[in-house]
Amino acid sequence: MTTRRRPGGWVYAALTGVLGASVFPLYWSFVVATRDNSAIGETSPLLLPGGNLAGNVRRVFGTVDFWAAIGNSLIVSGTVMVSNVVLASLAGFAFARLEFRGRNTLFLLVVGSAMVPAQLGVIPLYLVVGDLGWYGRLEAVIVPALISAFSVFWMRQACENAITADLVDAATVDGCSILRTYWHVAVPALRAPAAVLAMLTFTATWNDYFWPLVVLDPNETPTVQVALSQLASGYYTDYALMLTGATVAVVPVVALFLLLGRHIVRGILKGAPV
């Protein structure tokens, strides 16, 4: 019987240092968001919040249409998140536990597509979006991101680890079709990795700036990141206004993490030695 060693004090000290270095920039941004623009000129970092947060938030929503930007980003990020989880779990289950001709070759093609820089596809994709009449519409941002090679790879590996071939064979013997096997066997086993994929996909889509800037009208259908860039434009940069917008923009991501936190931690730590 093996005994588990307890970490020493230096481990906690190192973890505390890493946590502080990670959290302090976010906290400092929040502190600046609660003050006026003169806080940027302070020689030492401010540590205590001020009393201007409500006023700065009102200025953010008065300067740009931030409500529309948040709504658009929620629609885009939520749709892309759900589609990636559903489609990637179906594809991952097929690649991991179904036997069909060309399975390995097709999977290699899917993984190989992730090696192609996204910038190479911007011009062809822009032309396709224009031909479809989607310029300035949210479909131009949603449809190209409905599924990704990373999502398929992630869920395929999750299926390999969480679902055994014997379990699939048992479901088949019991008379389950492929879809019923997926629903009753794969879905319950993939909750934790699906939550991790959902969080990663939502965050990546929420933070995407380049493609929405290219195909969306910043005055009609802005996303959060495009709206934040508008706050930073002009001859004079109001850092308090910009960081207030960034603070408001991070709230949905934090809320999603709190909602899925238990499943995310379980998915990340799954397979760790006990």
Side-chain angles (χ1 to χ4, degrees), residues 14-78 80-81 118-119 122 136 138 140-142 145 199-261 264:
L15 292 177
T16 302
V18 171
L19 177 63
S22 302
V23 172
F24 180 76
L26 300 176
Y27 177 74
W28 185 76
S29 298
F30 170 75
V31 170
V32 175
T34 63
R35 297 175 177 267
D36 55 31
N37 206 42
S38 63
I40 296 295
E42 297 290 337
T43 56
S44 59
L46 298 172
L47 299 179
L48 297 179
N52 294 336
L53 180 60
N56 288 337
V57 171
R58 285 193 294 269
R59 288 201 300 132
V60 167
F61 285 92
T63 303
V64 296
D65 194 355
F66 216 68
W67 282 120
I70 291 176
N72 291 333
S73 286
L74 286 175
I75 293 173
V76 172
S77 301
V80 171
M81 177 188 70
Q119 291 78 4
V122 169
L138 296 181
V141 182
I142 294 174
M199 184 69 208
L200 294 175
T201 303
F202 185 91
T203 304
T205 308
W206 184 270
N207 292 331
D208 189 20
Y209 170 70
F210 177 67
W211 182 241
L213 181 66
V214 171
V215 295
L216 296 181
D217 187 342
N219 296 318
E220 297 294 333
T221 53
T223 57
V224 164
Q225 303 306 319
V226 175
L228 289 178
S229 69
Q230 292 178 311
L231 292 177
S233 62
Y235 295 102
Y236 170 74
T237 302
D238 191 334
Y239 289 99
L241 183 69
M242 187 172 62
L243 292 177
T244 302
T247 301
V248 175
V250 81
V251 170
V253 179
V254 174
L256 181 64
F257 178 80
L258 295 177
L259 180 65
L260 301 177
I264 291 173

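One is the number of the first residue; the rest follow in order along the sequence.
When all heavy atoms of Asp36 and Asn52 are compared, the pair lying nearest together is N-ND2, 3.4 Å. Across Thr34 and Gly50, no two heavy atoms sit closer than the pair OG1-N, 2.7 Å. Looking at every heavy atom in both residues, Ile75 comes nearest to Leu138 through CG2-CD1, 4.2 Å. Met242 approaches Leu228 most closely through the heavy-atom pair O-CD2, 4.3 Å.
Between Val215 and Val141 there is a side-chain heavy-atom pair separated by less than 4.5 Å. For the pair Trp206 and Leu256, the minimum side-chain heavy-atom distance is 4.5 Å or more. Under the 4.5 Å side-chain criterion, counting only non-hydrogen atoms from C-beta, Val254 is in contact with Leu258. Looking at heavy atoms from C-beta onward, Thr63 lies in side-chain contact with Leu241 at the 4.5 angstrom threshold. With a 4.5 Å cut-off on side-chain heavy atoms, Leu231 and Thr244 do not count as touching. Side-chain contact between Pro218 and Gln230: present, with at least one pair of heavy atoms (C-beta onward) separated by less than 4.5 Å.
Under a 3.5 Å cut-off, the side chain of Trp211 and the backbone N or O of Val122 do not form any donor-acceptor pair. Within the 3.5 Å criterion, the main-chain N or O of Leu200 finds no donor-acceptor partner in the side chain of Thr203. Remark: the backbone N or O of Ala33 is paired with a side-chain donor or acceptor of Asn56 at under 3.5 angstrom. Judged purely by atom type and a 3.5 angstrom limit, Asn72 has no side-chain atom pairing as donor or acceptor with the backbone of Val224. Between the side chain of Thr223 and the backbone N or O of Ser73, no donor-acceptor pair lies under 3.5 Å.
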Decide side-chain contact (heavy atoms from CB on, under 4.5 Å) for Arg35 and Leu48; before the verdict, give the C-alpha distance in whole Å, the side-chain angles of both, and the deciding distance to 0.1 Å. CA-CA 10 Å; Arg35 297 175 177 267; Leu48 297 179; 4.3 Å; yes
Using side-chain contact (heavy atoms from CB on, under 4.5 Å), reason through Val253 and Phe257 one step at a time and then give a plain yes or no. CA-CA 6 Å; Val253 179; Phe257 178 80; 5.8 Å; no
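Enclosure of atom OH in Tyr239 is not indicated, since only 12 or fewer non-hydrogen atoms of other residues, nucleotides or ligands lie within 6.0 angstrom.
Distance CZ/Phe210 to CG/Asp208: 9.5 Å, rounded to 0.5 Å.
Taking the six-membered ring for Trp and thresholds of 30 and 60 degrees, Phe61 and Phe66 have ring planes more than 60 degrees apart, a perpendicular arrangement.
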